[in-house]
There are 2 protein chains.
Amino acid sequence: MQEQIQKILKHNQLSVTGGRTKILELFLAQDDALAHADIERKTGEKFDRVTVYRTLQTFLEKGIIHSIPTSDNSVKYALCKDNCSEGHHHDHHVHFMCSVCGKTLCIDEVSVPVVNLPAGYKVEQIQMIVTGVCKDCA
Amino acid sequence: MQEQIQKILKHNQLSVTGGRTKILELFLAQDDALAHADIERKTGEKFDRVTVYRTLQTFLEKGIIHSIPTSDNSVKYALCKDNCSEGHHHDHHVHFMCSVCGKTLCIDEVSVPVVNLPAGYKVEQIQMIVTGVCKDCA
DNA sequence: AAAAACTTGCAACTCAGTTGCAAGTTTTTT
DNA sequence: AAAAAACTTGCAACTGAGTTGCAAGTTTTT
């Protein structure tokens with residue numbers, strides 16, 4: 001695990017520091033998306049708020065994580081899986097928010113269906129946010 | 001126009017006041033979604049910030065407008081069109097954000113395509129956010 | 001091992017959004 | 001049509017998320 005983390009950081013030309021390692025570890029150990037507050041809680045307040053913000057920002061810029069627009073307009077982050085590392089498949093995502101447990105999941109298995117927009121619209125990116133009840137809460 | 005506005009407000013058991021009338025008027029005259037800041041600007045700062053917040057909140061609760069989760073995690077609001085007034089078709093929406101002019105449009109013409117989620121997921125609501133270039137900017 | 005480059009924590013700040021309350025409006029009642 | 005009741009508004013003060021500059025601390029490079 002630690003090795004994998006180092007590899008990811010170095011690969012993105014980032015110094016390997018305590019904060020980055022810890023936060024990346026969290027994402028790797030987690031199957032659902034994390035909000036800033038979740039991260040602060042889970043790191044046991046070992047790092048400054050500002051460091052968490054800056055780390056998330058850096059990871060975003062490097063494409064290590066992506067942000068998810070949720071239907072309640074809060075911000076969540078999730079790891080970009082394998083398929084993201086090569087080329088950019090960021091552009092079409094399905095996310096699922098469970099209204100029972102509150103988890104936000106990145107559904108990589110499913111591809112975004114085609115939408116037929118009225119003539120003249122050029123599509124660059126599609127985000128689909130599905131709200132409902134997840135597998136575990138059903 | 002003023003008549004239509006009164007009708008909408010009364011229908012939702014809201015007193016007809018200057019602020020509500022003005023803000024509803026803005027939405028009716030607008031084809032794209034508005035952020036809080038847009039409304040403050042367009043009303044010419046005639047109303048207190050707080051009043052705008054409260055009015056938007058009230059309209060949301062009554063289902064007169066709906067909020068749109070944008071891919072940059074800001075909040076926008078748009079009128080619920082005719083089809084919304086009867087029953088609740090709020091649940092499946094396609095929104096389009098133009099990366100050139102910045103407009104956010106509610107694409108009512110198009111219905112949200114079916115997604116095949118892995119077994120066990122129960123879908124309640126689907127929001128689709130398409131980013132790209134709109135008709136007018138193409 | 002020292003120098004250069006980068007990261008962190010702190011303090012101070014900004015900005016969106018919220019709350020309580022008194023004054024002002026709208027609606028209901030008589 | 002006037003008075004009472006119910007609701008809405010603006011103000012001031014607050015909260016909480018997110019940002020910035022900077023000095024001290026780490027990591028990386030040489």
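Quick note: numbers below take in every heavy atom, side chains included, and nothing from hydrogens, waters or symmetry partners. Residue numbering restarts at 1 for every chain, and letters A, B, ... go by the order of the sequence lines.
When both distances must be under 3.5 Å, the Watson-Crick or G-U wobble mate of D:dT26 is C:dA5. The partner of C:dT29 is D:dA2, judged by Watson-Crick or G-U wobble contacts that both fall below 3.5 Å. As the counterpart of D:dC11, C:dG20 is assigned, both hydrogen-bonding distances of the Watson-Crick or G-U wobble pattern falling under 3.5 Å.
Scanning atom types as modelled, no donor and acceptor separated by under 3.5 angstrom connect the side chain of B:R49 and the base of D:dG10. Side-chain atoms of A:R54 and base atoms of C:dG9 include a donor and an acceptor less than 3.5 Å apart.
As a whole-Å value, the separation of B:N12 CG from C:dT27 P is 14 Å. Here the P atom of nucleotide D:dT19 and the CG atom of A:L56 are 10 Å apart, to the nearest Å. Computed from coordinates, the B:K10 NZ to D:dC7 C1' distance equals 15 Å when rounded to whole Å. Atom CD in B:Q13 sits roughly 13 Å away from atom C1' in C:dT27 (whole-Å rounding). Per the geometry, CZ belonging to B:F47 stands 19 Å off P belonging to C:dG17, to the nearest Å. Atom-to-atom, OH of B:Y53 to P of C:dC15 comes out at 12 Å; the value is rounded to the nearest Å. Rounding to whole angstrom units, CD1 of residue A:I39 and P of D:dA17 are separated by 14 Å. The distance between atom CG of A:D38 and atom P of D:dA17, rounded to the nearest whole Å, is 12 Å.
Between A:T51 and C:dT7 there is no side-chain polar atom (N or O) within less than 4.0 angstrom of OP1 or OP2. OP1 or OP2 of C:dT7 has at least one side-chain nitrogen or oxygen of A:S15 nearer than 4.0 Å. Close to D:dT8, at under 4.0 Å from its OP1 or OP2, lies a side-chain N or O of B:R20.
Between the side chain of A:K76 and the main chain of A:L34, no donor-acceptor pair closer than 3.5 Å is present. Side-chain atoms of B:R20 never come within 3.5 Å of backbone atoms of B:L9 as a donor-acceptor pair (strictly under, hydrogens ignored). Of the possible donor and acceptor atoms, one in the side chain of A:D38 sits under 3.5 Å from a partner among the backbone N and O of A:A35. Of the possible polar contacts, none joining the B:T51 side chain to the B:F47 backbone as a donor-acceptor pair under 3.5 Å is found.
Taking the six-membered ring for Trp and the full ring otherwise, A:Y77 and A:H66 have centroids separated by 6.0 Å or more.
Looking at the side chain of B:L14, the nearest of the listed nucleotides D:dG18, D:dT9, D:dT8 is D:dT8. Taking only side-chain atoms of B:T17, from C-beta outward, the nucleotide of D:dT8, D:dG18, C:dG9 with the closest atom is D:dT8.
Mapping B:G18 and B:V50 onto DNA chain D via the closest heavy atom, the residue that lands nearer the 5' end is B:G18. Nucleotides of DNA chain C nearest to B:H36 and A:G19 differ in position, and the one nearer the 5' end is that of A:G19.
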